[in-house]
Amino acid sequence: MDSEGRSPHRIAMTPAARRVRDAAARLFYARGIHAVGVDLIAAEAGVTKKTIYDRFGSKDQLVVEYLADRDERWRAFLAERLAAAGPDPRARVLAVFAASARWAGEHSGRGCSMVNAHVEVGDPAHPAHAVIAGQKQWMLDCFRRLGEGLGAPDAERLARSLMLLHEGALATHGLEVFPGALELAAAQAALLLDAHTAGG
């Protein structure tokens, strides 16, 4: 669901549909959405083009499923790390940055898939836009909830500042501007948390 309350249309996944989605995901992330055609996806997945259109209806819907699946996996990944961080609110905030660093190392060598996709499908009318915007809104809401747990005097401002650190670090990591972007962002987040919880 995006900031305007719109939820993307999803389809039921058959085994063939999962093969197609997973093949498309690899290709979209590595090469870009516009650079990858249905013929290539079909060849990679070992299905016909007709199968793709029968299951998904359009390439746009395949983009929706690719991004929504990636978002669902990230949320589950983060939930595990937040649970492992325990009840301490400060540790939970920093766990987000640690989780992102690990996820980026394992799954996001080319940067954030949502940001990358937004460059190509930035039109709000595109069916994938709700997935992209919804994922970023969810992250902001996550930081807000964590900030409220800290008892920060301005949880909204803290959430936005943490979001800027997090998203900037993801972009820097993807562009390989310098190493350790997410680790540096975590260190800056720790300073920010100290300032806010001290009433700064």
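Just so you know, these numbers use all the heavy atoms, side chains as well, and skip hydrogens, waters and symmetry mates.
Linking ILVMFWY residues whenever their side-chain heavy atoms come closer than 4.5 Å, directly or via other members, places Val177 and Leu184 in the same cluster. Cluster annotation: Trp103 and Leu175 are assigned to distinct hydrophobic clusters (Ile/Leu/Val/Met/Phe/Trp/Tyr, side-chain heavy-atom contacts under 4.5 Å, transitive). Under a hydrophobic clustering in which Ile, Leu, Val, Met, Phe, Trp and Tyr are joined whenever their side-chain heavy atoms come within less than 4.5 Å, directly or via other members, Leu164 and Leu146 fall into different clusters. Follow the hydrophobic side-chain contacts under 4.5 Å out from Val115 and you never reach Trp138; the two are in separate clusters.
Residues Phe28 and Leu67 fail the side-chain proximity criterion, which asks for heavy atoms closer than 4.5 Å. Side chains of Met13 and Ile11 form a contact here, defined as non-hydrogen atoms less than 4.5 Å apart. The side-chain heavy atoms of Arg92 and Leu150, taken from C-beta on, include no pair separated by under 4.5 Å. No side-chain heavy atom of Glu65 sits less than 4.5 Å from a side-chain heavy atom of Val20.
Glu120 contributes a side-chain N or O that, together with a main-chain N or O of His34, makes up a donor-acceptor pair within less than 3.5 Å. The closest donor-acceptor contact from the side chain of Lys59 to the backbone of Ile33 lies under 3.5 Å.
Between Leu170 and Cys112, the closest heavy-atom pair is CD1-CB, 4.3 Å. Nearest heavy-atom pair, Arg102 versus Arg81, reported as atom, atom and distance to 0.1 Å: NH1-NH2, 3.2 Å. What you find for Val64 and His9 is that their closest heavy atoms are CG1-O, 3.6 Å. Here the closest heavy-atom approach between residue Val63 and residue Ala128 is recorded as CG1-CB, 3.8 Å. Scanning both residues, Val96 and Met139, for their nearest heavy atoms gives CG1-CE, 4.0 Å. Residue Arg144 comes nearest to Gln137 through the heavy atom pair NH2-NE2, 4.4 Å, listed as atom of the first residue, atom of the second, then distance.
Using a 30° and 60° split on the angle between ring planes, His166 and Phe143 fall in the perpendicular class, above 60°.
One distance of note links CZ of Phe97 with CG of Leu182; it measures 8.0 Å at 0.5 Å rounding. Of the inter-residue distances, the one linking Gln135 atom CD with Ser113 atom OG reads 7.5 Å to the nearest 0.5 angstrom. Atoms CD and OG1, from Glu167 and Thr172 in turn, are 11.0 Å apart once rounded to the nearest 0.5 Å. The structure places CG of Leu27 at 10.0 Å from CG of Leu62, a figure rounded to the nearest 0.5 Å. Note that CG of Leu158 is 5.0 Å distant from NE2 of His196, once rounded to the nearest 0.5 Å. The CZ atom of Arg19 lies 10.5 Å from the CD1 atom of Ile52; values are rounded to the nearest 0.5 Å.
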> Are Arg26 and Asp22 close enough, and set up right, to give a salt bridge (charged side-chain N to carboxylate O under 4.0 Å, His left out), and what steps lead you there?
Replying inline: CA-CA 6 Å; Arg26 291 190 298 271; Asp22 293 346; 5.6 Å; no
>> Between Leu40 and Arg31, is the side chain to side chain contact (heavy atoms under 4.5 Å, CB included) condition met? List the steps.
In response: CA-CA 11 Å; Leu40 180 57; Arg31 304 186 188 187; 3.2 Å; yes
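Under the salt bridge (Lys or Arg N to Asp or Glu O under 4.0 Å) criterion, Arg55 pairs with no residue at all, not counting sequence neighbours.
Other residues, nucleotides and ligands contribute more than 12 heavy atoms inside 6.0 Å of the CZ atom of Arg145. Within a 6.0 Å radius of CZ in Arg160, other residues, nucleotides and ligands contribute 12 heavy atoms or fewer. Remark: Glu176 CD is loosely packed, at most 12 non-hydrogen atoms of other residues, nucleotides or ligands lying under 6.0 Å away.
Under 4.0 Å is where a charged nitrogen must lie from a carboxylate oxygen, and between Asp71 and Arg75 at least one such pair does.
A donor-acceptor pair shorter than 3.5 Å cannot be found between the side chains of Asp123 and His129.
Cation-pi geometry between Arg70 and Tyr29 is met: under 6.0 angstrom from the ring centre, within 45 degrees of the axis.
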